[in-house]
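Below: the structure, in structure tokens.
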Number of protein chains: 2
Amino acid sequence: MDDLTEKMAQAFDAAPIGMAVSHHRVLSICNTSFAEMLGYDRPDLLGQSFRILYPSHAEFDRVRDIGLKAMEEHGSYSDERMMRRKDGVPVWCRFRARTLTPDDPLAHLVMSFAPIRDQLDGAQLTKREREVLSGLSRGMTSKEIGRELGLSPRTIEDVRARLLRKFEVKNTSELLSRMSYAQPRN
Amino acid sequence: MDDLTEKMAQAFDAAPIGMAVSHHRVLSICNTSFAEMLGYDRPDLLGQSFRILYPSHAEFDRVRDIGLKAMEEHGSYSDERMMRRKDGVPVWCRFRARTLTPDDPLAHLVMSFAPIRDQLDGAQLTKREREVLSGLSRGMTSKEIGRELGLSPRTIEDVRARLLRKFEVKNTSELLSRMSYAQPRN
DNA sequence: TGGTTATACGGTATTGATACCGTATACGAT
DNA sequence: ATCGTATACGGTATCAATACCGTATAACCA
């Protein structure tokens with residue numbers, strides 16, 4: 001068999017970004033990163049509907065038509081969307097898709113999924129950490145964030161320090177370059 | 001030959017994101033998106049050094065060691081960096097890499113490249129600004145960036161100040177959160 | 001030719017960030 | 001029940017960042 005083909009397949013599998021192929025919204029193949037990102041063993045995913053990877057049936061329906069027109073015209077589409085891990089934890093992703101069948105885009109899709117908060121293997125953010133991160137991304141000082149949250153600036157500094165340790169970065173700038181704005185949730 | 005292998009190779013090729021494999025900084029294979037993103041015909045890229053894809057030899061040297069330690073430890077690395085199209089136009093990318101040879105990370109790398117945006121809020125970055133931004137996103141201080149670029153720390157502070165004015169942000173953290181690819185453009 | 005901008009560097013002054021030291025409560029897991 | 005972690009706060013010490021003051025050169029543009 002073709003050596004080049006084998007190398008490309010290996011590259012697909014080892015890619016540092018989640019990748020998957022679907023036919024009419026059924027996953028036919030995916031790579032290791034994709035399965036890991038969503039907390040599955042790969043064999044459990046193959047042949048499954050993408051339904052199980054979205055937070056709800058409504059969301060699954062909603063995203064179906066999104067980007068259809070763009071793909072009919074340009075063959076590709078990109079947005080940011082929420083996926084659902086096996087354990088139920090939502091993952092906010094940069095989603096990219098290219099169709100190999102522009103007349104019927106969903107018939108054969110190649111997709112990539114990049115978690116927006118990467119470097120985040122298992123480490124998830126607490127509510128406080130998200131609140132503080134939100135302030136930091138808006139350029140606020142610890143003092144200002146403390147005022148906003150009704151806390152001592154010292155406490156904000158504690159949370160910052162914890163974030164720096166957690167993500168193994170040297171300072172807040174590096175932290176924010178690794179993470180995107182994290183919307184505070186409850 | 002294996003049908004699955006062929007499908008994975010096809011997915012690699014048609015991926016909606018630039019992908020490439022290198023051995024010791026020489027490109028061995030890449031997909032269509034990668035060649036398109038950088039303005040080349042794919043055959044012209046295969047076997048080439050990655051040198052031609054960076055803005056300068058200095059930049060090519062500089063990025064070599066970046067992320068080596070992370071890859072030795074975790075097998076993967078990600079940052080944002082400037083690539084150079086065939087026509088000389090710089091492209092700001094989200095770069096991700098996974099090594100298949102953790103003992104010698106550069107021996108066998110699988111990479112993905114996602115263009116962040118074509119224009120940064122209409123404002124163009126100068127070469128200096130890009131170099132400084134690169135250091136900042138890696139958590140370096142002005143002093144450290146100055147050393148890396150052979151400049152006075154004071155000059156780095158000037159460039160930082162210019163960046164803060166240009167993007168109308170309060171500090172470096174807000175700057176980097178805006179430069180992140182996941183950020184909504186204003 | 002003058003105006004603007006980028007580059008590069010010096011000084012000083014103030015604020016902010018970060019790293020330590022410490023205490024204390026709360027909560028979940030083993 | 002003890003361990004680990006998150007939370008919350010206090011202090012001090014040091015370094016970094018930012019904002020000003022200044023000068024100077026080079027490039028480009030109207």
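Each chain gets a letter, A, B and so on, in the order its sequence line appears, and its residues count up from 1. For the numbers below, each heavy atom of this structure counts, side chains included, while hydrogens, waters and symmetry mates do not.
Of the candidate nucleotides C/dT18, D/dT18, C/dA8, D/dT18 has the atom nearest to the side chain of B/Leu164.
Residues satisfying the side-chain hydrogen bond (donor to acceptor under 3.5 Å, both in side chains) test with A/Thr32, not counting sequence neighbours, are A/Asp13. For B/Lys69, there are no salt bridge (Lys or Arg N to Asp or Glu O under 4.0 Å) partners, not counting sequence neighbours. Checked against side-chain hydrogen bond (donor to acceptor under 3.5 Å, both in side chains), B/Ser173 has no partners two or more places apart in sequence or in another chain. Listed by chain and number, the residues in a salt bridge (Lys or Arg N to Asp or Glu O under 4.0 Å) with B/Arg51 amount to none (sequence neighbours excluded). Under the ring pair (Phe, Tyr, Trp, His ring centres under 6.0 Å) criterion, B/Phe95 pairs with B/Phe113, sequence neighbours left out.
The interatomic distance linking B/Asn171 (CG) with C/dA17 (P) rounds to 7 Å, in whole Å. In this entry the distance linking CG of A/Leu163 with C1' of C/dA17 reads 14 Å, nearest Å. Per the geometry, CG belonging to A/Leu176 stands 12 Å off P belonging to C/dA17, to the nearest Å. One can place CG of A/Leu136 at 12 Å from C1' of C/dG16, the figure rounded to the nearest angstrom. Between the CD1 atom of B/Ile156 and the C1' atom of C/dG10 there is a distance of 15 Å, given to the nearest Å. In this entry the distance linking CZ of B/Arg128 with C1' of C/dT5 reads 15 Å, nearest Å. Between the CZ atom of A/Arg160 and the P atom of C/dA19 there is a distance of 10 Å, rounded to whole Å. We find that CZ of B/Arg165 is positioned 18 Å from P of D/dA17, with the value rounded to whole Å.
Nucleic acid contact for B/Arg154: base, since at least one base atom lies under 4.0 Å from a heavy atom of the residue.
Both A/Glu157 and B/Glu157 sit near DNA chain C, but only B/Glu157 has its closest nucleotide nearer the 5' end.
When each of A/Asp104, A/Thr99, A/Leu106 is checked for a side chain to side chain contact (heavy atoms under 4.5 Å, CB included) with A/Leu68, only A/Leu106 meets the rule.
For C/dC9, the OP1/OP2 oxygens have a side-chain nitrogen or oxygen of B/Thr155 closer than 4.0 Å.
Checked for salt-bridge contact, B/Glu148 and B/Arg138 meet the test: a charged N lies under 4.0 Å from a carboxylate O.
Listed by residue number, the members of residues 140-150 of chain B with any heavy atom below 4.0 angstrom from DNA chain D are B/Thr141, B/Ser142, B/Lys143.
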